[in-house]
Structures are given as C-alpha cells and as structure tokens.
Amino acid sequence: MTISLNHAKDITPAGDDYAVVSGVIEMLTEDYQHQPSLDRIAGEMGRDPLELQKTFTRWAGLSPKAFLQAVTLDHAKRLLGEERMPLLEASIELGLSGPGRLHDLFVTHEAMSPGEWKEKGRGLAIRYGFHDSPFGRALLMATDRGLCGLAFSDEDKGGDQFALEDMTHRWPDAVYSHDDAAVLPYAERIFDPERWQANEPLRVVLIGTDFQIRVWEQLLEIPVGRLCTYSDLANRIGAPKASRAVGAAVGRNPVSFVVPCHRAIGKSGALTGYHWGLTRKRAMLGWEAAKA
DNA sequence: AAATTGTGTTTCC
DNA sequence: GGAAACACAATTT
C-alpha cells in the first residue's frame, strides 16, 4: 500500500522526508567541490532521482542543484563579502542599533536575568510539545509570557527524550507539563514566513545571564538571508575581544531558529558549529536564501 | 595548513 | 576561587 495522497498544500515533511533531505544536504555540502549530479546523489542514497528531486524541492523550496550553489562556502563568503566594507555602518544605518528595534521576525522579547529566574523561576510553569517543522521534529516550550525554548529532535541522536532533557536541564527548577496543543500556535507561526508580520508579533522570553542576553538580542538584529560573524557580534555588544565568549553564548541560545543563531558564522566565511547539527544549520540558511 | 597563543564567560570542581 | 572548556581570531611555523 503506497501513500497516494497528494495534498500540494501540505508542506510539512512527513515520515523520513527530513532524513532523506538532510542526507542530501550533508552529501552536497561535504562534497560540493565535485558538484555531484542528481543521478549520482540519488544513486548514493539508493533513491529514485526524480522522486528525490521532488521531495527535496517541495521541502526546501529550491532544487538540489540550486541548493548546492546556495549553501556552499562560496555562498557564505559572498554574503559576507558583500557586506564586508559597509558592515558596521550599514548595520547601523538600517536601524539595527536601536534598542529593541524591529527586526525581521518581529519578535518582541523580554529578558529574565538569572536573579529573576532564581527568585521567580521556581515554580514557573513551562508547557512543552512536539510538532513537525521544515527542519525536522521540533520541541517547543512556552511560559504564559511567551516562547522560551525551541529545540530539535533527531531519531539517531536520542530522539524526543534527548531533546527534552537537553532543554529541561537548563532550567531545572521549572515545572514542566506536556501539552502539544498549547504550543501548536507557536509552531504554525514560526515556520510560516507569510506570518512574519508586525501585526502578529511573537512573544519570546529570554532566560539567561546578562551577557548571553546581550548576545541574543544582537542576533535578533540580523535580517533574514544575511550573515554575521562572531567578531561582529562581539563588537556590537561592546566587547571586541570577546568573540570566543560570544560563540559560546550563541551556542547556548535556547530558542533556536527564532533567535537566529544559525546566521552567525566564522570570520573566514566557514560555517562553524551548531548545537542541533551542522547539517540543520546549512538547511536553515538554504531555506532562508530561498525565501529571501 | 597546522600548531600556538591570546582571548571572555561560564561551569564544575 | 581556580582550572578547564568553548559554535573564535590573529599570528606564527
């Protein structure tokens, strides 16, 4: 029995779609110098070329070939290169420097310092749930004040259990309750670019140290399709030599994707690490390149 | 290209 | 408090 339903509207990947697509992405980004053909890719993965291309295109919004061009290091370098000279000035001119200004996702955020967290955090209720996303199975967490966590679950890396523990370990004193329905609106809103509107702001609660929050706020100023180096971020928070510390803070961002930690790269243009997998970071950048 | 040194912040004794 | 670990970067072999 094969699945013959053909809902063109349903973009959400089902089953092993994400596994297939991420496999392709991995292959392409590891091997982009050889510019492997579609047939070759499909052969390697034991899939039908036509079917593979359809799946990939439906999922990523661009063909494997286009993706190959879009997400190689060349792309990263080009984006960075275009911005290089005017980067500091341009970023300010675009109104990026204003405190809590508008940004691409129209996210309104409020910060919770560690002190606040310690006092009020105990007993703070966090609801969480799992939903499919363009980047695989996502774990969302929310307080009554807004979204506070977004993670991803991979079957081969511990699945839901691992993702959940990774997140709950960050705020051990909170009270957690499983409630898929409660976070569904967030899932629908976050992964639909059509709804990134000012009249539909997304409320986010940032829980972290003072330094981390400064870094995360800077991340929020990076527009879709643009990249930023760790040292740029360090400069913008007024700690030019702290790029390494910035990297560590970026990596600890609890609200993955919404706070666009995937748009931070090394100064050389190389894509550095990603908490939820480098492949997913590439996928996000490719997805955004296609939307932007 | 790889190893080395200088870094700031957080975490874990 | 101090050491070790980091999603970095600049400088040396």
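Here is the naming used below: chain letters follow the sequence lines, and residue numbers restart at 1 for every chain.
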TODO: On DNA chain C, reading 5' to 3', which nucleotide is the first and which the last to sit with an atom under 4.0 Å from a heavy atom of chain A, could you check?
DONE: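 Nucleotide range in contact with chain A: C:dC6 to C:dA10.
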Open item on the list: Is it the case that the ring center of A:F191 lies less than 6.0 angstrom away from the ring center of A:F257?
Closed with: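 So the answer is yes for these two rings.
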TODO: Determine whether the aromatic ring centres of A:F135 and A:W287 lie less than 6.0 Å apart.
DONE: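 A:F135 vs A:W287: aromatic centres under 6.0 Å.
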Task: Pair A:R47 + A:E51, salt bridge at N-O below 4.0 Å - done: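 The answer is no: the pair does not qualify as a salt bridge.
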Distances for protein N or O near nucleotides 7-12 of chain B N or O, under 3.5 Å:
unit_1: B:dT10; atom_1: OP1; unit_2: A:T209; atom_2: OG1; d: 2.4

- [ ] With pairs defined as Watson-Crick or G-U wobble and both distances under 3.5 angstrom, please note down DNA chain C as a dot-bracket string, | for pairing with another strand.
- [x] ||||||.||||||
- [ ] Measure the OG-CZ distance between A:S256 and A:F152 for me, rounded to the nearest 0.5 Å.
- [x]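 Between atom OG of A:S256 and atom CZ of A:F152 there are 4.5 Å.
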Quick check on side-chain contact (heavy atoms from CB on, under 4.5 Å): which of [options] does [X] satisfy it with?
X: A:L227; options: A:L271, A:D232, A:I222, A:L285; result: A:L285
X: A:R263; options: A:R226, A:E288, A:M284; result: A:E288
X: A:V215; options: A:V259, A:N253, A:V246; result: A:V246
X: A:M141; options: A:T168, A:L147, A:V183, A:V205; result: A:T168

TODO: Taking the side chain as every heavy atom from C-beta outward, state whether A:L202 and A:Y186 have any atom pair closer than 4.5 Å.
DONE: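 Yes. Closest side-chain heavy atoms under 4.5 Å.
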Open item on the list: I want to check something: taking the side chain as every heavy atom from C-beta on, are A:H131 and A:R137 in contact at a cut-off of under 4.5 Å?
Closed with: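 No, their side chains stay 4.5 Å or more apart.
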